[in-house]
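Have a look at the structure below before the remarks.
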Protein chains: 2
Amino acid sequence: MDTKTQNRLDAKARIIKAMAHPTRLFIVETLAKHEHCVCELTALIGADVSTVSKHLSILREVGIIDDEKRGSSVYYQLKMPCVMGFFSCVDTVIKANAQGQLKCIR
Amino acid sequence: MDTKTQNRLDAKARIIKAMAHPTRLFIVETLAKHEHCVCELTALIGADVSTVSKHLSILREVGIIDDEKRGSSVYYQLKMPCVMGFFSCVDTVIKANAQGQLKCIR
DNA sequence: TGGCGATTTGGCGATATTGCCAAATAGGAG
DNA sequence: CTCCTATTTGGCAATATCGCCAAATCGCCA
């Protein structure tokens, strides 16, 4: 694997890794509906605020979401809605696995 | 976040996590062209055979690739080609980030 | 200006991932 | 049967991730 390919795949993996966590998937799905501030997301997720804040910064770092400070709150929004289409393939994989399981039982 | 959502997102994250590694991205992209045996992939990647074998088992475990033993070799193939479309969004994110950088310099 | 609510950052222990080596396993060729 | 090649598995050290607490920031508002 040459260096150029390595760098390209490193960049790609960094972005995918940012989504490879249940809480961060929840954040992306939730922001797909509409923007939310950190406190709202924290309430929905049910984890420590600092934990949620770190998840948000991971997603922002790779450019998937955007933040905007308004008043005393920080509002996050989905910057790259295409990731939602991205997920439909994952659901396809899950469905295919389930059908494979069924076939074994039958 | 209720238990049902938690389980759904765990399953989704598991699959995405399987792709969140440069070497495994390389494997998926390579298999998208056509099937390869472990030895061929190992040569292309340039890592230890055992390392490549483990990466392959991670991808197989979540149902993204399939294996078939023929002769003394094991051939792997892409089972879920939709992941390639999945990647185009990631490229979009990378491009958007680059353009954002440019805007800052200008 | 002092204090309050919202958010981020530092740090720590627990856990997970990664990549190599060595050893086990599985088939095929001689 | 025995050697050889291809692959997988076990184990280990290095590194990264995760989630909480505590502390630092940052705006507002009285």
Practice item. Kindly say whether B/Val62 contributes a backbone atom to a donor-acceptor pair with the side chain of A/Asn97 at under 3.5 angstrom? Key: yes

Check your understanding: Is there a side-chain contact between A/Leu56 and A/Asp67, using heavy atoms and a 4.5 Å cut-off?
Key -> no

Review point. A/Cys39 has a side chain; which of D/dT8, C/dT8, C/dT7 sits nearest to it?
Key: C/dT7

Study note, to complete from the structure: Here the distance between atom P of C/dT7 and atom CZ of A/Arg70, to the nearest Å, is 12 Å

Exercise for review: Decide yes or no, distance alone: a donor-acceptor N/O pair under 3.5 angstrom between the base of C/dC21 and the side-chain of B/Ser50.
Suggested key: yes

Review point. Within a strict 4.5 Å, meaning less than it, do heavy atoms of the A/Asp91 and A/Lys95 side chains meet?
Key: no

Check your understanding: Between C/dC20, C/dT8, D/dC20, which nucleotide has the shortest distance from any of its atoms to the side chain of A/Val49?
Key -> C/dT8

**Study point:** Distance in angstrom units between B/Ile58 CD1 and C/dA16 P, rounded
**Key:** 14 Å

Exercise for review: Using only heavy-atom distances, decide whether a donor-acceptor pair under 3.5 angstrom links the side-chain of B/Lys69 to the base of C/dG28.
Suggested key: no

Study note, to complete from the structure: By nearest-nucleotide position on DNA chain D, the 5'-leaning member of B/Val74 and A/Gly71 is B/Val74

Exercise for review: To the nearest Å, give me how far apart CG (A/Asp48) and P (D/dA23) are.
Suggested key: 14 Å

Exercise for review: Kindly indicate whether the side chain of A/Met84, heavy atoms from C-beta on, has any atom under 4.5 Å from the side chain of A/Leu78.
Suggested key: yes

Practice item. Using whole Å, report how far NE2 of A/His55 lies from C1' of C/dT9. Key: 15 Å

Exercise for review: Taking only the side-chain nitrogens and oxygens of A/Arg24, find out if one of them lies under 4.0 Å from OP1 or OP2 of D/dC18.
Suggested key: yes

Exercise for review: For A/Lys17 and for A/Thr42, locate the closest nucleotide of DNA chain C by heavy-atom distance; then report the residue assigned to the nucleotide nearer the 5' terminus.
Suggested key: A/Thr42

Exercise for review: State, yes or no, whether a side-chain contact exists between A/Val28 and A/Phe87 at a heavy-atom distance under 4.5 Å.
Suggested key: yes

Check your understanding: Between the main-chain N or O of A/Ala18 and the side-chain N or O of A/Arg24, is there a donor-acceptor pair closer than 3.5 Å?
Key -> yes

Practice item. Could you check whether B/Ser73 gets within reach of a base, just the sugar-phosphate, or nothing at all, counting any heavy atom under 4.0 Å? Key: sugar-phosphate

Practice item. May I ask you to say what B/Ser53 touches in the nucleic acid, namely base, sugar-phosphate or nothing, with a heavy-atom cut-off under 4.0 Å? Key: base

Point to revise | Atom pair distance, as rounded to whole Å: OH in B/Tyr75 and P in D/dT8 | key: 13 Å

Point to revise | Separation of D/dC18 P from A/His21 NE2 (nearest whole Å) | key: 5 Å

Review point. Expressed in angstrom and rounded to an integer, what is the separation of B/Arg14 atom CZ from D/dT17 atom P?
Key: 20 Å

Point to revise | OP1 or OP2 of C/dT8 under 4.0 Å from side-chain N/O of A/Tyr76 | key: yes

Point to revise | 5' priority, DNA chain D, between B/Lys54 and B/Glu40 [closest heavy atom] | key: B/Glu40

Revision key, fill the gap. Rounded to whole Å, CG of A/Asp67 lies from P of D/dT25 at a distance of 19 Å

Check your understanding: If only side-chain N and O atoms of A/Ser72 are considered, is one of them under 4.0 Å from the OP1 or OP2 phosphate oxygen of C/dG5?
Key -> no

Study note, to complete from the structure: Partner of C/dC20 under the Watson-Crick or G-U wobble criteria, both distances under 3.5 Å, comes out as D/dG11

